[in-house]
Participant: 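Take a look at the following structure, please.
Reminder, nothing fancy here: chain letters follow the sequence lines and each chain counts from 1.
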Number of protein chains: 2
Amino acid sequence: MNSNITIYDVAREAAVSMATVSRVVNGNPNVKPSTRKKVQDAIDQLGYRPNAVARGLASKKTTTVGVIVPDISNIFFADLARGIEDVATMYKYNIILCNSDQNPEKEIHLLNTLLGKQVDGIIFMGGRLHEDLVREFKTSPVPIVLAATLNQDYDLPAVNIDYESAAHDAVKSLIDNGHKRIGFITGPLEQQINGEKKFAGYRSALEEANLPFDEQNVVLGNYTYDSGMKAMNQLLELGDACPRAIFAGTDEMALGVIHALQDAGHQVPEDFEVIGHDNTRLATMIRPKLTTVVQPMYDIGAVSMRLLTKILNKEEIETNNVTLPHRIEQRDSTRS
Amino acid sequence: MNSNITIYDVAREAAVSMATVSRVVNGNPNVKPSTRKKVQDAIDQLGYRPNAVARGLASKKTTTVGVIVPDISNIFFADLARGIEDVATMYKYNIILCNSDQNPEKEIHLLNTLLGKQVDGIIFMGGRLHEDLVREFKTSPVPIVLAATLNQDYDLPAVNIDYESAAHDAVKSLIDNGHKRIGFITGPLEQQINGEKKFAGYRSALEEANLPFDEQNVVLGNYTYDSGMKAMNQLLELGDACPRAIFAGTDEMALGVIHALQDAGHQVPEDFEVIGHDNTRLATMIRPKLTTVVQPMYDIGAVSMRLLTKILNKEEIETNNVTLPHRIEQRDSTRS
DNA sequence: CCCTCATTGTAAAACGTTTTCATTCGCTAA
DNA sequence: TTAGCGAATGAAAACGTTTTACAATGAGGG
């Protein structure tokens, strides 16, 4: 257990060279079984624990990957992180976790810190990729994969779902239920996923059904419960023109929407239908249970990490840009 | 930006020795301003980025701490992690995050992995401390602090709230509202916090009010929403003997309780009063909003990390065992 | 003008591994 | 018997820092 036992002590104890000890520790097959045993015994007896830092210096591999997320206390990113961690563990990697708060300067700073720590790779998640960041990514000495994050040119490894088509499907399901006016509560438009993809999906579904686009049906939030409530209340002020079907960009906002409606004396789904996005655990913790687009965050995390290991192991890779399937989970906040 | 620039390259570029470069990088004052500038220029021009692994080997400090939590995807631990990370950043540490799933073998394995990686310290959270683990903790070469985790002998650094008194207060508030029978839905009793502390608080509040303890009013759950529903439904089967006031061990279970009641056609707080524990974000995402004991997870994380830095810096420490204040947040699931 | 001492810089030894290359050993085949 | 060969082992050089011990330089006091 003592931590000042070095490979050299083991070598002396087992009467071999440190190279041989190293071979045993690393499972190198070129060791005679009898010496292997001798060394293993010495290791057990001394309680030797290899120093990963020294190992990292000598081998230039740290078996550690950096993970940058906006905010781990958000259930959404926490799920992602768990997916990453699980497959990291599977491949014997550890995770250095960092919160960026979506702050571009902090993102760059964190990237540099991680590179300084010689991580073997990085998984990044953020709403918007500042061009400085992309430049740094492209010159990075270690591979970087984007999780649930789009980059303009699709030239970085990334794992996403098809946000446009997901939004399209959600809005279409509302239209199919007979709605002519659909409310859309989304996150900041400068984030590509909201501003381009989800928004495009919303519009294309309207167009497809020959419904007019009306700017006042679109309200911006910041992903939170409160912003969802606020957005819905704003919509409610439209009076008769208020859409009776709402597509919210996150589950948390959808909960806010539902509660805003209930607080105003409306029934969901009888008077208003609402559909969320992400399928976090929250979705089943509300009455009525929330119909939502499932974005499999855990899977995105897991697949991102798997993709990273493939790159690290130089395995054959079909595509750098993987798109995971989405679907709509029908629950009780919409009429089926 | 190139990562194969070493301190030696900088030294050559600036025409000084590597020791001087090291001094500049580490802010050692014994460097003439003019040389400092010369070195800094070389660093900037070459895009030198110190290798933290080499630094760690030479200095025996990695500015990295390990964090072991049961499951980061649980909103509760995620909050804790954020608290830890924030003050870690403040003190220039990074976090290696690990999920233990409360599995004793995994906990020991993770501990050893972290020690192998030469972390400067560890923050641990887990429901139950297996004695093997405690033994390892006590012989650890680096300091370990427990976050929201009790250990039998209170001889390890730890940050908690007074769970017994918190539970007592919660139950008492229910009694003060006129209830004679109080339901208690808690987590696994082998976890000290549930089995000893919260339970003791529950009983002492009853005793204080001269109310009888009735075993059938206590139901075990596993912290989740579903287990909360199930537990409440079990209580409901008591018919007329069913307690009309419930103290749930976590917010998530409390949500389950409320929904179980509502699904059965009861009104909260008119027919039943419910009080939760933790004050996670969930508490305000339900109707009625949840009255709950606030256990400040973010603060516990932050204070744990601060305590760890104090130990690492050998700062003066009042007490190894800090108890943070708790309080009850009155909302709408109880009558005030 | 010499001596001493503080200041600044240098050289080199850690730190604990992995890895390269050479060497030894034990056999087999000639 | 011995040359030849592959497998097993060892010696020592990296890896990129920090740190220690010391040398050189320069300033100030006598």
Participant: If I take atom CG in residue B:N26 and atom C1' in nucleotide C:dG9, what distance separates them, rounded to the nearest angstrom?
Facilitator: 16 Å
Participant: What is the distance, to the nearest angstrom, from the CD1 atom on A:I7 to the C1' atom on D:dA12?
Facilitator: 14 Å
Participant: More than 12 foreign heavy atoms under 6.0 Å from NZ of A:K314: is that the case here?
Facilitator: no
Participant: Between C1' on C:dC15 and CD1 on A:I5, what's the gap in Å once rounded to a whole number?
Facilitator: 16 Å
Participant: Expressed as a whole number of angstroms, how long is the span from B:L57:CG to D:dT19:C1'?
Facilitator: 13 Å
Participant: Does D:dA8 have OP1 or OP2 under 4.0 Å away from a side-chain N or O of A:T20?
Facilitator: no
Participant: Given atom CE of A:M18 and atom C1' of D:dC15, what is their separation to the nearest angstrom?
Facilitator: 13 Å
Participant: Which nucleotide in the set C:dG9, D:dT18, C:dT17 lies at the smallest distance from any side-chain heavy atom of B:R55?
Facilitator: D:dT18
Participant: What is the distance from NZ of A:K38 to P of D:dA8, rounded to the nearest Å?
Facilitator: 14 Å
Participant: Side-chain N or O of A:Y48 less than 4.0 angstrom from OP1 or OP2 on C:dT17?
Facilitator: yes
Participant: Can you see whether A:N313 engages A:Y91 through a side-chain donor-acceptor pair at a distance of less than 3.5 angstrom?
Facilitator: no
Participant: Under the side-chain contact (heavy atoms from CB on, under 4.5 Å) test, which residues partner B:T323, sequence neighbours left out?
Facilitator: B:D162
Participant: For A:N28 and C:dT18, give me the distance from atom CG to atom P, rounded to whole Å.
Facilitator: 11 Å
Participant: Please confirm whether B:F124 and B:F137 have ring centers closer than 6.0 angstrom.
Facilitator: yes
Participant: Just N and O in the side chain of A:N51: are any of them under 4.0 Å from OP1 or OP2 of C:dC15?
Facilitator: no
Participant: Does A:S59 have a side-chain nitrogen or oxygen under 4.0 Å from the phosphate oxygens OP1 or OP2 of C:dT19?
Facilitator: no
Participant: Looking at C:dT18, I'd like to know if its phosphate oxygens (OP1 or OP2) sit under 4.0 Å from a side-chain N or O belonging to A:S22.
Facilitator: yes
Participant: Can you tell me if the side-chain N/O atoms of B:K60 get under 4.0 Å from OP1 or OP2 in D:dT19?
Facilitator: no
Participant: Would you mind classifying the nucleic acid contact of A:V53 as base, sugar-phosphate or nothing, using non-hydrogen atoms under 4.0 angstrom?
Facilitator: nothing
Participant: Between B:A54 and B:V16, which is nearer to the 5' end of DNA chain C once each is assigned its nearest nucleotide?
Facilitator: B:V16
Participant: Where the side chain of B:T89 meets the backbone of B:E85, is there a donor-acceptor pair that is under 3.5 Å apart?
Facilitator: yes
Participant: Reading DNA chain C from 5' onward, which residue's closest nucleotide shows up sooner: B:A58 or B:R23?
Facilitator: B:R23
Participant: Backbone N or O of B:V65 within a donor-acceptor pair of the B:N94 side chain at under 3.5 Å?
Facilitator: no
Participant: Can a side chain N or O of A:N30 be found less than 4.0 Å away from OP1 or OP2 on D:dT9?
Facilitator: no
Participant: Would you say D:dG10 has OP1 or OP2 under 4.0 Å from some side-chain N or O of A:S17?
Facilitator: yes
Participant: Once you round to the nearest 0.5 Å, how far does OG1 of B:T62 lie from NZ of A:K117?
Facilitator: 6.0 Å
Participant: Side-chain N or O of A:K32 less than 4.0 angstrom from OP1 or OP2 on C:dG26?
Facilitator: no
Participant: Over how many whole Å does the gap from A:Y8 atom OH to C:dA14 atom C1' extend?
Facilitator: 15 Å
Participant: Going by the rule side-chain contact (heavy atoms from CB on, under 4.5 Å), which residues pair with B:P143 if we only count those two or more places apart in sequence or in a different chain?
Facilitator: B:L308, B:I311, B:L312
Participant: Would you mind reading off the bend of the helix from C:dC1-D:dG30 to C:dA30-D:dT1 from its two end axes, five pairs each, to 10 degrees?
Facilitator: 50°
